[in-house]
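Only one structure is covered here, and it is reproduced in the block below.
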Amino acid sequence: MTAPSPPRFTTRIVHADRWGGAEQGAVHQPIHTSVQYGHARVEDLIAVFQGTAKGGFNYARQGTPTTAALESKITQMEQGHGSIVFATGMAGICAVFLTLLKAGDHLVVSQFVFGNTNSALGTLADLGIAVSTVDVTDATQVAAALRPNTRMVFLETIANPGTQIPDLDGIGALCKQHGLLYVVDNTVASPYLFRAASVGAGLVVNSLTKSIGGHGDALGGAVTDTGLYDWSGHPNIFAAYRKGDPKGWGLQQLRKKGLRDMGATLSSQAAHQLALGAETLALRMERSSASALALAQWLEQHPAIARVLYPMLPSHPQHAQARRHLRAGSWLLSFEPRDPAQCLPLCNRLRLPIRATGLADTRTLIIPVAHTIFWETGPAARAAMGITDGMIRLSVGLEEIEDLLADFEQALAPA
Ligand SMILES: *Cc1c(COP(=O)(O)O)cnc(C)c1O
């Protein structure tokens, strides 16, 4: 007799709630709206306060049974040690920066990060945390940026909108060698396409608003501890949280300082919507990745298109990295018309893609990049990120690929 194989991705995600114990046999996790949680004996309340109880709730700013169920679902996806959910992806990212770094520390960041993350880095610099931005497609550039006070390296699996793929394992090896906390924003790829622990990430960030929630109807964020980073070597853990197994220290500090004190708590209602969306993550990622690849291939051979950026195209600069690490290329696809003056008219001629910001909705979304999401950054920063004036970003949805191709065909037909 061979041992049964462990349940695979979607099997784990749709059953994770019940493994934690189902209330009244509920097939779906109930929505808990209570802010206060009472206990039969005051000793039980004390145990929750002192962190000696396994689980247990006291005040909803630190979590409810509904947010805890979503946390365990995210942990199952990343196969990590534990997770904390936040009101938005940005709340999770800022909690990581503001509670695990302090004045005098140095942070190395990808030069291709999400625009609002980039904006938040300016705030860190004002708080006395030095920031170096580097081209993370080359691990030697990260190595060259390291200083004695470097504490953390932060990057994104698939950058938006340029789709750059970092030297994920090269940087992982570097972080391990220097005892640095390696933080991977896995929002675009999602834990279905890429498991950040496989390249040595200590923390994984996911904006639940995007791939995991997937329906454009709720904001949320998550930070997962993979269990790979040795927190006993991190100088910024407060004495109060240096208790018990060091594996739990990082999440303890993030929950108390990042969630409880800063207060960007995910509501139970939003957690429920995100958990429901999460159940179909693998199905949606397979569908949207297949459509995005077909569209990328079609656009690449079209005479009116100058350039297509998609990790699963052999022409992509980091195609080998993408093939090695990613199960598929995701819904994110950028391209440039040969005539930059066609950028806006082309967006207007398309009938199916919705002219809107946002990512990973069920519908295809389209946006001209330089005029909108990277307007505030200015031309110099756009150039450093490889963003041209005519660049168009697509977040490919769940429509039938034949309909999408037909729409692009009419929009690109010579007038
Ligand atoms: C959208 C996004 C975020 C921020 O997430 P919100 O939930 O919108 O706050 C962070 N990182 C990446 C890569 C994103 O695309």
Side-chain angles (χ1 to χ4, degrees), residues 67 70 74 78 83-98 109-124 133 136 153-166 168 183-194 196 201 203-224 258-259 262-267 270-271 273-275 277-278 281 284-285 288 292 309 311 326 329-334 356-361 365-367 369 372-374 376-377 385 387 393-397:
T67 60
L70 178 60
I74 309 298
E78 294 285 3
S83 303
I84 301 176
V85 292
F86 293 85
T88 65
M90 284 315 303
I93 289 170
C94 287
V96 167
F97 290 155
L98 294 174
V109 185
S110 163
Q111 76 190 45
F112 310 115
V113 286
F114 178 64
N116 300 156
T117 303
N118 194 52
S119 175
L121 294 173
T123 307
L124 291 189
T133 54
V136 290
V153 175
F154 182 96
L155 50 75
E156 295 171 7
T157 317
I158 305 176
N160 155 34
T163 71
Q164 293 91 349
I165 313 279
L168 291 162
V183 185
V184 173
D185 180 338
N186 201 27
T187 295
V188 175
S190 87
Y192 180 65
L193 299 187
F194 175 67
L203 292 179
V204 193
V205 174
N206 282 286
S207 163
L208 305 175
T209 317
K210 315 290 176 56
S211 303
I212 292 177
H215 292 72
D217 64 344
L219 292 156
V223 178
T224 300
L259 189 64
M262 295 182 187
T265 303
L266 184 69
S267 73
Q273 273 165 287
L274 294 165
L281 173 65
R284 290 181 286 102
M285 291 308 282
S288 57
L309 295 165
L326 304 177
S330 93
W331 34 261
L332 178 66
L333 155 64
S334 294
T357 190
L359 298 166
D361 205 319
L365 308 175
I366 191 166
I367 195 160
V369 176
T372 58
I373 47 176
F374 282 94
E376 190 180 307
T377 40
M385 295 186 76
I387 296 166
R393 181 187 78 184
L394 277 176
S395 167
V396 178

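Start at 1 and go down the list; that is how both ligands and their atoms are numbered. These values consider heavy atoms only, across backbone and side chains, with no hydrogens, waters or symmetry-generated copies. Please read all numbers here as calculations on a predicted model, not as lab measurements.
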Indicate yes or no: at least one non-hydrogen side-chain atom of [X] is less than 4.5 angstrom from one of [Y].
| X | Y | result |
| --- | --- | --- |
| I158 | I165 | yes |
| N160 | R393 | yes |
| T157 | L326 | yes |

Original post:
Just which atoms of ligand 1 are under 4.0 Å from any heavy atom in T209?
Top reply: 6 (P), 7 (O)

Original post:
Relative to the heavy atoms of L359, which atoms of ligand 1 are at a distance of less than 4.0 Å?
Top reply: 15 (O)

Contact (N/O only, under 3.5 Å) between [X] and ligand 1:
| X | answer |
| --- | --- |
| N160 | no |
| E156 | no |
| M90 | yes |
| S207 | yes |

Protein contact of [atom] - nearest heavy atom, named by residue and atom, plus distance:
| atom | answer |
| --- | --- |
| atom 3 (C) of ligand 1 | F114 CE2, 3.4 Å |
| atom 12 (C) of ligand 1 | D185 OD2, 3.5 Å |
| atom 1 (C) of ligand 1 | K210 NZ, 1.4 Å |

Subject >> side-chain contact (heavy atoms from CB on, under 4.5 Å) partner of T357, the single match among L365, I366, I373 >> reply: I373

Original post:
What part of V113, side chain, backbone, both or neither, has a heavy atom within less than 4.0 angstrom of ligand 1?
Top reply: neither

**OP:** With heavy atoms only and a cut-off of under 4.0 Å, state how I93 meets ligand 1: side chain, backbone, both or neither.
**Re:** side chain

**OP:** Assess whether side-chain contact (heavy atoms from CB on, under 4.5 Å) is satisfied between I93 and F154, documenting all intermediate values.
**Re:** CA-CA 10 Å; I93 289 170; F154 182 96; 4.3 Å; yes

Subject >> Exam field: side chain R284 to backbone G397, donor-acceptor pair closer than 3.5 Å >> reply: no

**OP:** Could you give me the CA-CA distance, side-chain angles and deciding distance for T117 and F97, then say whether side-chain contact (heavy atoms from CB on, under 4.5 Å) is met?
**Re:** CA-CA 10 Å; T117 303; F97 290 155; 4.3 Å; yes

Subject >> Nearest-0.5 Å distance, CG of residue L155 to CZ of residue F112 >> reply: 11.0 Å

Subject >> ligand 1 contacted by G220 (non-hydrogen, < 4.0 Å) >> reply: yes

